[in-house]
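Note on naming: letters A, B, ... go to the chains in the order of the sequence lines (proteins, then strands), and numbering restarts at 1 for each one. Since the structure is predicted, the reported quantities are computational estimates derived from the model, not experimental observations.
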Number of protein chains: 2
Amino acid sequence: MVEQDRARGTGPGARERRPDRKPTMADIAQHVGVSRALVSIVFRGKEGASEETRRRIFEAAAELGYRPDSLARGLRSNRTRTLGVLFDLRRPFEVELVEHMYPAAEQLGYHLLLGAVTPTRGQEHVVDELLRYRCEGLIVVGPDLDGHRLDAIADEVRLVEVGRAVTRGPVDVVRNDDALGTRQAVEHLVALGHRRITHIDGGPNPGASDRRAGYQRAMTDHGLAGEIRVVPAGYTDEDGAAAGRRLLDGPLPTAVIAANDQAAIGLLDVMLRAGVRVPQDLSVVGYDDSRFAKLPGIDLTSVRQDIPGMADFAIKAVVERLDLPEREPKQIALPPQLVVRGTTAAPHGA
Amino acid sequence: MVEQDRARGTGPGARERRPDRKPTMADIAQHVGVSRALVSIVFRGKEGASEETRRRIFEAAAELGYRPDSLARGLRSNRTRTLGVLFDLRRPFEVELVEHMYPAAEQLGYHLLLGAVTPTRGQEHVVDELLRYRCEGLIVVGPDLDGHRLDAIADEVRLVEVGRAVTRGPVDVVRNDDALGTRQAVEHLVALGHRRITHIDGGPNPGASDRRAGYQRAMTDHGLAGEIRVVPAGYTDEDGAAAGRRLLDGPLPTAVIAANDQAAIGLLDVMLRAGVRVPQDLSVVGYDDSRFAKLPGIDLTSVRQDIPGMADFAIKAVVERLDLPEREPKQIALPPQLVVRGTTAAPHGA
DNA sequence: TTGTATGCGTTATCAG
DNA sequence: CTGATAACGCATACAA
């Protein structure tokens, strides 16, 4: 019932101009006058073909517009050299992480297959899609799945988790040392002379509990256990703004450390509207060093995660486990770095 | 004779626990006790299998952890139902566009294959990669390639350009009506009572010339041709800040329309530092309605592009050209929408 | 250095 | 509904 036989010059007429069929290895073999196998050898860069033959084959390929077929190649060789990356397109942090994975993968001879989680596509769906393409490793950024589900996946494919560990299985984990980040913030403020430093908490969000713990331990280590204050909030502007309003009800601290930049910005806005000067009356530190932090007019002191380092580790970990089947999974927490900008200064009394 | 020889439990030992090989259709056919062809029919959702059989097959697939192989499927059927999307990971606008393409593609039964352009991967490279995976259509967001190169690509695959047209070939183009956006901004300001409205130009960047032209025509249409002022700038904070400093040298206009949000923010910062109150002394309009515009403390009136509409059009266009081979390529410019926030108000004298 | 034969997992067609 | 058979484009041992 496929009645549309669109005869594109089927007859004996000339058909050199536009090949209506994608050229294959057979076409270029015939064009050059060698066997298909030899063409395969040349395209894989294996030895077994003379320099002259290589040249002629590449020439013919360029002329005919030939391009190796990834599907056929992966199917036949049972080796796709592809790594799936699961991440959330709406999170700039994750997008930036992915961007840095490319050079690392390329250098090791692997391709990246992007699996974007969006409001319409859950993690399950994306993992399934990636696995259908036979990716050999999977890098899951900010996993939301429960541990059991990821355990099952780790059974089929090498797995790396970025951001947090949700699995007990043979899985590499790379994350930011969140606690160290807030510790650096505390130490920066203490060095400036602050003592009354309040933490705007991130609630149940990823990394938030470590950031809080880091704050608390650092305060304690500096003899400021008595000054510890934690205001419950979250990771949004609105959370930060609400925390700011609560802060305004009582005597202000001289500095706050927010669980992330968004919350810091919401708080900043409330403070400025209330006539609180930053950094003269109040120092503010964010977390993530997002693009917002760098904006003129915000210029927020913030904690930067080592994104290139995390991307690099994730790629190398999965490739190593692919190459060395018995390598033990590793877990690592990379140190962040405090970026000092205009929202922190010595407190009034100092 | 090729049918039965892949005996799973060949040896006498039990090895049911962990299949060390990825299950295939043959495995699940054998498990259920039907033919492989029938399993194929069921997984393709074609008619020819009883309800009962379907159920048993899906059950067995779930039990064995079977997943259809996209590589083999695409290779054999010569139909991947995959659309390649070329975009720049570092541009939030493009990322958001891609996010909105998913539901549209899914609904039409197509998959998206993401081809991210990064500092280490040029457009050429990405196009090549996408084509190797046999995607049937290609959506190029913000094309940088020269026309000739894209013409050649349009020859191999259905092509849609988003953002601007660089090709003369059979290509669909969807873009924002940039001129209409600045016209809306002008009309908003005129309605508020402004007459001295200056444009902060976007230089050679995409869309900038249309935005400038829209401003000029709208001013003229409102009898304000004599008030037209264009300050050369660009798309960055710094460009906007420099333009702001130039503005401060002379008598200020009552309103400015920046070529994009970034420039508006840079200008905003310079103005606020110089003691110019916004919107009391100066109204400011941005373009793009980026995440920055929505930030508390910025709250920028801005022109929002119809991102879902553009994504939708792009997907539908490429799918239509796939299904209806003779459909003529379309070009369309979608109307943007002005989002009024806190940086615009009536001028002093009004 | 080059050619031959086989199969990867699937779709697709055909006759039973 | 079954079972056999032929591709799809390529990789890869093995023969020449």
### Query
Which dot-bracket string fits DNA chain D when only Watson-Crick or G-U wobble pairs with both atom distances under 3.5 Å count, crossing pairs get [ ], and | stands for a partner on a different strand?
||||||||||||||.|
### Closest to the B:Ser35 side chain, choosing from C:dT10, D:dG3, D:dC10
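Of the candidates, D:dG3 comes closest.
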### Query
Which nucleotide, D:dT2, C:dA12, D:dC10, lies nearest any side-chain atom of B:Leu38?
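So the side chain of B:Leu38 is nearest to D:dT2.
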For [X] and [N], give me the distance from atom [atom1] to atom [atom2], rounded to whole Å.
X	N	atom1	atom2	result
B:Gln30	D:dT2	CD	P	14 Å
A:Ile57	C:dT1	CD1	P	13 Å
B:Met25	D:dG3	CE	P	16 Å
B:Arg36	C:dT11	CZ	C1'	9 Å
A:Glu47	D:dT12	CD	C1'	15 Å
A:Leu71	D:dC10	CG	P	10 Å
A:Asp69	D:dA11	CG	C1'	13 Å
A:Arg67	D:dC10	CZ	P	12 Å

### Query
Mapping B:Ile41 and B:Ser77 to their closest nucleotides on DNA chain D, which lands nearer the 5' end?
B:Ile41
### Query
In terms of the nearest nucleotide of DNA chain D, which residue is placed more toward the 5' end: B:Val34 or B:Arg134?
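Upstream on the strand: B:Val34.
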What is the nucleic acid contact for [X], judged by heavy atoms within less than 4.0 Å: base, sugar-phosphate only, or nothing?
X	result
B:Asn78	nothing
A:Ala26	nothing
B:Arg132	nothing
A:Thr24	sugar-phosphate
A:Leu75	base
B:Phe43	nothing

[N] phosphate, OP1 or OP2, under 4.0 Å from [X] side-chain N/O:
X	N	value
A:Ser40	D:dT12	no
B:Tyr133	D:dG9	no
A:Arg44	D:dT12	yes
B:Arg76	C:dG9	no

### Query
Pick from B:Gln331, B:Lys316, B:Lys330, B:Arg321: which one makes a side-chain hydrogen bond (donor to acceptor under 3.5 Å, both in side chains) with B:Asp172?
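That would be B:Arg321; it is the only one of B:Gln331, B:Lys316, B:Lys330, B:Arg321 passing the side-chain hydrogen bond (donor to acceptor under 3.5 Å, both in side chains) with B:Asp172.
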### Residue whose closest nucleotide on DNA chain C lies nearer the 5' end, B:Pro68 versus B:Ala37
B:Pro68
### Summary
d(B:Asp128 CG, A:Ser70 OG) to nearest 0.5 Å is 8.5 Å
## Note on the structure
So the side chain to side chain donor-acceptor pair (under 3.5 Å) pairs with at least one residue in residues 93-104 of chain B (sequence neighbours excluded) are B:Arg91-B:Glu94
Check whether any side-chain heavy atom of [X] lies under 4.5 Å from a side-chain heavy atom of [Y], and answer yes or no.
X	Y	answer
A:Val157	A:Ile153	yes
B:Ile139	B:Glu161	no
A:Ile28	A:Phe43	yes

### Query
Between the side chains of B:Tyr133 and A:Thr82, does any donor sit under 3.5 Å from an acceptor?
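Short answer, yes.
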### Message
Can you pull out every salt bridge (Lys or Arg N to Asp or Glu O under 4.0 Å) where at least one residue sits in residues 34-54 of chain A? Sequence neighbours excluded, please.
### Response
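Every salt bridge (Lys or Arg N to Asp or Glu O under 4.0 Å) pair that includes a residue of residues 34-54 of chain A, provided the two are not neighbours, is A:Glu52-A:Arg55.
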